[in-house]
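Bear in mind the structure is a predicted one, so any value in this text is a computation, not a measurement.
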Amino acid sequence: MSSPRAPKGTYDLLPDDAAERDAIVATAARVFSAYGYRHVVTPEFEETGLFERGVGEATDIVRKEMYTFLDKGDRSLTLRPEGTAPICRAYVEHGMHKLPQPVKLWYYCPMFRYEKPQAGRYREHYQIGAEAIGSADPAVDAEVVVMLAAIFSELGVEGVTLNMNSMGDAQCRPAYVEKLREYLRGHEAELCGDCLERIDINPLRTFDCKVETCRAVLDEAPRISDHLCPECSEHFDAVLALVRAAGLEPNLDFRLVRGLDYYTRTTFEFNSDRLGAQSGVGGGGRYDGLVEQIGGQATPGVGWGSGLERISLAMREPLAVPASTGVYVVAFNDDDRPTAFSVAERLRRSGVPAQLDLAGRSPKGQLKQAGRSGARYAVLLGLEELADGDVRLKDLAGGGEEDVAAADLPALVAARMAGAVAPSSGAPQAHRSLESEA
RNA sequence: GUGAAGGUAGCUCAGCUGGCAGAGCUCCGGGUUGUGGUCCCGGCGGUCGCGGGUUCGAAUCCCGUCCUUCACCCCA
């Protein structure tokens, strides 16, 4: 077939999956709100320079993964590959340093990276994320970590472990990096080609290497945790204490060196064993130099991003999506179809979800649709024995029928359905959120 | 960018020692003309991913290509 297909690494979210996605985001939104984070939306593309400067020229994202293009005005633009730099840009652009600090924001939007797709990895993938900008207090680091754990817990994301590390700051990291570099130079014979290159570019990344001999070398390498300045060390201890007090058990991982250049001090990553090779469900850290890096005044910040596709994969079971309810209007004769159309419209205006056949089906076919639609009632029009102005209300679950005046129908059905609210607690909220986002 | 395994109906798949393209589910209709979700019957639906090659003949064998899946790199 040569008909068009979704581009490589992209996918369609069809109604069943989209309903689940909406429910997941609604749950996350509830948690964000509980912590006082507010929703922001930034553009799908930015000036290329924002990511080059913010994310870092040496990162894989900037070197080989960005969707960059020239627009008709010869501006170099890039489809957003990550969420933090754009939000920091917005923070600076809109003078948010004048607001009470830290400014706490969350987002839900697609990210674009030119990568080879595999399990849990797409060229267009969706993330939720949070950023708290404007405070260096360790309580902020702890808050964002605990908040992400709360979201996973609410969603039933399984097999999650939390890894944390501190990468130091401008005061202590340079000296440590130099020390690490020296150590690595002393073991060049045992390192793989990639790691040899990393010695000059970014020695910290050698900790990511999975080659056995490299790992052996790195196991004995000087660790950042032993070389933090007193301020960073104190900061990290304070973060850990708060995170532990919230009931989490962070695993201290000296190999956790995240791939973006902007991280300072705290870095963290949540992994799930239900995910395959790409086990990260969410990660982030502190980025005290980023705002200044992109042209604002020196401002600390901390945040994380989490992939929706991976959240779905790691969830215990699909989030319950509210069953559709309402009424299906059936016309037994073609002459009744215009009436069916207006009856359905009156029901909707009374707050009752209502559908009717739009494909010329037989009465039997219409009833079949009614059952399939999940409607609680069918309204039957055009039965010969009905009194003038009456319709027949059929309970699709119980099967009972009664004749009622068409004029009374909307109020009657609305009352019936209000009195028999579905017991599932998540449903009404998820439904509300669907309406509010529409 | 590197490697491996796969692409047959809307979906899940069979057919693969070359010989007329199949099943289940879905969808539509019918079951004496007016009642759904079960059951029975029928129907719609495929350039066998695409392009080349071998052959009397290719879904089947060969090459290329695109796409999917999984892994590496790296990330969410």
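- Salt-bridge check for E402(A) with R416(A): passed, with a basic side-chain N closer than 4.0 Å to an acidic carboxylate O.
- Nucleic acid contact class of A119(A) (heavy atoms, under 4.0 Å, all strands): sugar-phosphate only.
- The list of ring-ring contact (aromatic ring centres under 6.0 Å, His included) pairs with a residue in residues 364-403 of chain A, not counting sequence neighbours, is empty.
- A 3.5 Å limit on both hydrogen-bonding distances identifies C50(B) as the Watson-Crick or G-U partner of G64(B).
- Taking atom C1' in both C28(B) and G45(B), the straight-line distance is 11 Å, to the nearest Å.
- Taking atom CD on E309(A) and atom P on C70(B), their separation rounds to 13 Å, with Å as the unit.
- Atoms OH (Y114(A)) and C1' (U2(B)) sit 14 Å apart, rounded to a whole Å.
- Comment: R5(A) does not engage D12(A) in a salt bridge, judged by the lack of any side-chain N to carboxylate O separation of less than 4.0 angstrom.
- Nucleotides G36(B) and C27(B), compared at atom C1', are 16 Å apart to the nearest Å.
- I61(A) comes within 4.0 angstrom of no nucleic acid atom, judged by non-hydrogen atoms across all strands.
- No engagement by G193(A) is indicated, since no non-hydrogen atom pair under 4.0 Å with the nucleic acid exists.
- Nearest to the side-chain atoms of L367(A) among the listed nucleotides C67(B), G36(B), C72(B) stands G36(B).
- If you check A76(B), U35(B), U69(B) against the side chain of P117(A), the one that comes closest is U69(B).
- With C1' as the reference atom, C56(B) and G18(B) are 12 Å apart, rounded to whole Å.
- Taking the six-membered ring where tryptophan is involved, the planes of F32(A) and W304(A) are essentially parallel, since the angle between them stays under 30° and well short of 60°.
- If you take CG of L386(A) and C1' of U35(B), they are 12 Å apart, rounded to a whole angstrom.
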* Asked: If the sugar-phosphate is the primed atoms plus P, OP1 and OP2 and the base is the rest, what is the B/S/- string for nucleotides 26-34 of chain B, using protein heavy atoms under 4.0 Å?
  -> -SSSSB--B
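- Considering only heavy atoms from C-beta on, R215(A) comes within 4.5 Å of R255(A) through its side chain.
- To the nearest angstrom, C1' of A76(B) lies 9 Å from CE of M111(A).
- G46(B) and A21(B) have their P atoms separated by 14 Å, with the value rounded to a whole Å.
- Among the heavy atoms of the strands, none lies under 4.0 Å from Y126(A).
- Separation of the P atoms belonging to G3(B) and C73(B) is 15 Å when rounded to the nearest angstrom.
- Residue contacts shown for E82(A) are absent, as no nucleic acid heavy atom lies under 4.0 Å away.
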* Check the pair I133(A) / I87(A) against side chain to side chain contact (heavy atoms under 4.5 Å, CB included), numbers first and verdict last. => CA-CA 9 Å; I133(A) 305 174; I87(A) 285 183; 4.0 Å; yes
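- Contact annotation for R205(A): backbone-only contact, meaning every heavy-atom pair under 4.0 Å involves sugar-phosphate atoms and none involves a base.
- Nearest-nucleotide assignment on RNA chain B puts the 5′-proximal partner with E401(A), out of E401(A) and C209(A).
- No hydrogens or angles considered: a donor-acceptor pair under 3.5 Å links the side chains of E82(A) and Y262(A).
- Per the geometry, NZ belonging to K8(A) stands 17 Å off P belonging to G7(B), to the nearest Å.
- As rounded to the nearest Å, A58(B) and U47(B) have C1' atoms that lie 14 Å from one another.
- In this structure, D208(A) reaches the sugar-phosphate backbone alone: every heavy-atom distance under 4.0 Å involves primed, P, OP1 or OP2 atoms, never a base.
- To the nearest whole angstrom, the two C1' atoms, one in U17(B) and one in U60(B), are 10 Å apart.
- Of the listed nucleotides (A76(B), C73(B), U35(B)), U35(B) has the atom at the smallest distance from the side chain of L380(A).
- Nearest-nucleotide mapping onto RNA chain B: of R123(A) and D395(A), the residue sitting toward the 5' end is D395(A).
- The nucleotide whose nearest atom lies closest to any side-chain atom of A277(A) is, among U35(B), C72(B), A76(B), C72(B).
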* To do: Using the side chain to side chain contact (heavy atoms under 4.5 Å, CB included) rule, take H235(A) and T266(A) through it: C-alpha gap first, then chi angles, then the decisive distance, then the call.
  => CA-CA 9 Å; H235(A) 181 92; T266(A) 314; 3.8 Å; yes
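- The pair D357(A)-R337(A) meets the salt-bridge criterion, since a charged nitrogen lies less than 4.0 angstrom from a carboxylate oxygen.
- Straight-line distance from the CG atom of L275(A) to the P atom of A76(B): 13 Å, rounded to whole Å.
- For the pair Q118(A) CD and C72(B) P, the computed distance is 6 Å after rounding to whole Å.
- Following rounding to the nearest Å, F270(A) (CZ) and A76(B) (P) show an atom-to-atom distance of 14 Å.
- Across all strands, V281(A) comes closer than 4.0 Å only to sugar-phosphate atoms, never to a base (heavy-atom distances).
- Spacing between G22(B) and G43(B) at atom P, rounded to whole Å, works out to 13 Å.
- Pairing partner, G3(B): C70(B), with both Watson-Crick or wobble hydrogen-bond distances short of 3.5 Å.
- Looking at R392(A) and E385(A), a side-chain N of the basic residue comes within less than 4.0 Å of a carboxylate O on the acidic one, giving a salt bridge.
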